[in-house]
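The figures here come from the full heavy-atom set of this structure, side chains too, leaving out hydrogens, waters and symmetry mates.
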Amino acid sequence: MHAKNRLPTSGHNTPSPPASPSQLRSPRLRRTGKPTGKFNLTVNNRSVAQRVAWIILSVLLRRQGVFLFAPLLYISGMLFYMGTVSFDVVPDVLIKARRAPGSVYRSPELYAKLRHEMDVDNSTSDAMSTIWKHAKGGDWRPCINTSSGGLPESNGYIYVEANGGLNQQRTSICNAVAVAGYLNATLVIPNFHFHSIWRDPSKFNDIYDEEFFVKTLENDVRIVDTVPGYLMERFDRNLSNVYNFRIKAWAPVQYYRDTVLPKLLEEKFIRISPFANRLSFDAPPEVQRLRCLANYQALRFSSPLLTMGETLVSRMKERSANNGGKYISVHLRFEEDMVAFSCCVYDGGSNEREDMIAARERGWKGKFTKPGRVIKPGANRVNGKCPLTPLEVGLMLRGMGFDKSTSIFLASGRIYDSERHMAPLLEMFPLLQTKEMLASPEELAPFMNYSSRMAAIDYTVCLHSEVFVTTQGGNFPHFLLGHRRYLFNGHSKTIRPDKRKLAVYFDNPKIGWKTFKRHMLSMRAHSDSKGIELKRPNDSIYSFPCPNCMCRANKTEDSRAASAV
């Protein structure tokens with residue numbers, strides 16, 4: 001049998017004779033004679049590129065084995081094509097059409113669309129009294145044991161510098177208490193490091209009740225205000241001569257035992273600076289107990305701050321009489337530096353763009369203009385990294401069922417472009433208050449130029465609210481989350497919105513009020529269900545006090561809780 005050529009070169013479909021051995025070895029070199037037929041009529045008149053293409057096509061038609069190289073030819077052709085086309089001229093319309101949902105700030109459009117339906121909806125006017133369904137089942141109670149016996153002889157003195165803002169300093173204080181107790185050392189009252197951003201020169205006793213702090217811990221950790229003179233003489237009364245440990249972040253407690261303790265025993269006085277976040281969240285029970293004791297019992301704001309905070313709490317409850325004295329507190333981070341650092345784009349146009357460029361250069365000189373640094377505002381928004389605007393907070397809360405009669409306390413610094421951004425929030429919640437609105441300038445005067453003292457007042461008012469809303473991460477909401485759990489039987493009573501989902505909802509002006517509201521109520525219910533959570537190994541005890549700082553009131557539930565976790 002003779003093989004048939006599936007693509008005959010003539011017009012007849014007849015068997016072809018087998019090729020000779022010499023032809024099989026080199027078909028191109030062995031072919032003789034002039035080609036015949038229409039295949040050669042116009043070859044001589046074509047360009048070189050056309051001739052090459054024609055030869056390749058002819059070979060493909062005559063020799064099927066060459067089809068093995070078809071993928072390679074296709075890729076080569078595509079690379080050649082891509083090298084000749086400029087993608088810089090793709091129409092902007094096509095680029096916009098591919099933007100991910102949630103990548104653009106269009107909340108003002110959504111507010112304009114939903115405003116009428118929002119105002120006439122009275123279906124959930126009792127939101128304040130029905131929001132926390134899981135809180136009723138919370139049966140955790142504070143149970144921090146304190147020592148009653150005397151302390152053994154001290155191994156030496158530890159001096160730490162607490163850096164950062166109010167709550168980062170709080171972390172340093174509590175961790176210092178835990179480390180000092182673990183090493184059987186005497187803790188010198190922590191020094192507050194002056195920060196170029198916070199610019200607050202406050203000392204420990206300006207923020208906290210120092211006498212109460214020392215008294216509460218007296219049976220667990222020795223605490224002194226100053227180092228004895230005889231010991232300072234060894235270092236020429238100069239702290240810079242004292243050995244300073246530069247400890248890595250989240251160091252395990254074993255590091256302090258194996259590395260810090262021997263030096264402490266040798267020198268009798270050591271420094272640890274800086275000290276923020278220098279102790280692992282995962283630690284032995286005794287270390288965790290000291291953390292609990294310091295944070296939830298020993299640290300109490302100084303008398304002026306505590307009095308001012310409690311006065312504002314009382315005034316908020318008076319203004320919330322229609323809701324039984326219950327109010328919402330919102331921690332809003334929409335200051336200029338926060339917006340600038342996020343690299344997100346809102347609706348301020350060229351003025352906003354110029355303000356943000358200036359703010360970034362002022363606060364983080366050169367950080368955002370380094371070669372190769374790419375800023376992606378759309379990706380930041382999709383990933384939930386953009387600070388919520390006052391308008392977005394208002395939309396979210398109205399969707400969650402809180403109406404115009406709801407009293408809100410706003411804990412915030414100076415809002416960027418406040419007159420424009422705050423207007424819609426005040427339209428949605430006319431009973432909104434800030435500490436500047438609740439207190440007279442004379443009352444706030446002693447605290448006005450001290451960021452940590454002002455933050456302490458906000459902290460107190462937020463701590464005692466029925467609902468706390470956090471809109472951005474940070475130490476302030478993390479500490480409040482745990483402190484509220486400690487006060488409210490293990491339930492944080494905190495709304496923690498999913499900002500990734502919010503970005504998609506806010507970027508959809510076609511969404512209806514009922515659909516939007518359904519999504520917000522679902523988010524509210526999720527926050528309720530997550531109100532009571534137990535600490536996992538790498539969680540912060542300052543956010544999750546159960547079970548290290550709290551016990552179950554009903555012991556029969558212990559096994560059930562353990563199995564659920």
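- Rounding to the nearest 0.5 Å places CG of N244 at 9.0 Å from CD1 of I270.
- Residues satisfying the ring pair (Phe, Tyr, Trp, His ring centres under 6.0 Å) criterion with Y157, sequence neighbours excluded, are absent altogether.
- A donor-acceptor contact closer than 3.5 angstrom links the side chains of R484 and S465.
- A heavy-atom distance below 4.5 Å is not found between the side chains of L388 and Q472.
- Checked by atom type, the side-chain pair Y416/D355 shows a donor-acceptor distance below 3.5 Å.
- Donor-acceptor pairing under 3.5 Å is lacking for the side chains of R500 and N383.
- The CG atom of N184 sits 6.5 Å away from the CZ atom of R222 when rounded to the nearest 0.5 Å.
- Residue pairs meeting the disulfide (SG to SG under 2.5 Å) criterion with at least one member in residues 436-498, sequence neighbours excluded, do not occur.
- No side-chain donor-acceptor contact under 3.5 Å links D458 and H331.
- A donor-acceptor contact closer than 3.5 angstrom is absent between the side chains of Y505 and D498.
- One finds the CE atom of M308 at 10.5 Å from the CD atom of E310 (value rounded to the nearest 0.5 Å).
- You'll find the side chain of F506 stays beyond 4.5 Å of the side chain of Y111, heavy atoms only.
- Side-chain N/O atoms of H483 and Y542 include no donor and acceptor closer than 3.5 Å.
- S202 and S452 form no side-chain donor-acceptor contact under 3.5 Å, judged by distance and modelled atom types alone.
- In the model, T471 has no side-chain atom that pairs as donor or acceptor with a side-chain atom of R333 under 3.5 Å.
- Between T259 and Q254, every side-chain heavy-atom pair lies at or beyond the 4.5 Å cut-off.
- Geometric assessment of R300 against the ring of F212 yields a positive cation-pi assignment under the 6.0 Å and 45° thresholds.
- One distance of note links NE2 of H519 with CG of L502; it measures 11.0 Å at 0.5 Å rounding.
- To the nearest 0.5 Å, atoms CG (N191) and CZ (F204) are separated by 11.5 Å.
- Disulfide criterion (SG-SG under 2.5 Å) for C549 and C143: not met.
- Distance check: M338 CE to I415 CD1 gives 11.0 Å after rounding to the nearest 0.5 Å.
- For the residue pair E392 and S107, a side-chain donor N or O sits within less than 3.5 Å of a side-chain acceptor on the partner.
- There is no side-chain donor-acceptor pair under 3.5 Å between N175 and R278.
- In this structure, the side chain of S440 engages the main chain of E443 through a donor-acceptor pair within 3.5 Å.
- Inter-residue side-chain proximity for D528 and I495 is flagged as unmet; no heavy-atom pair is nearer than 4.5 Å.
- Y208 and F213 have their aromatic ring centers separated by at least 6.0 angstrom.
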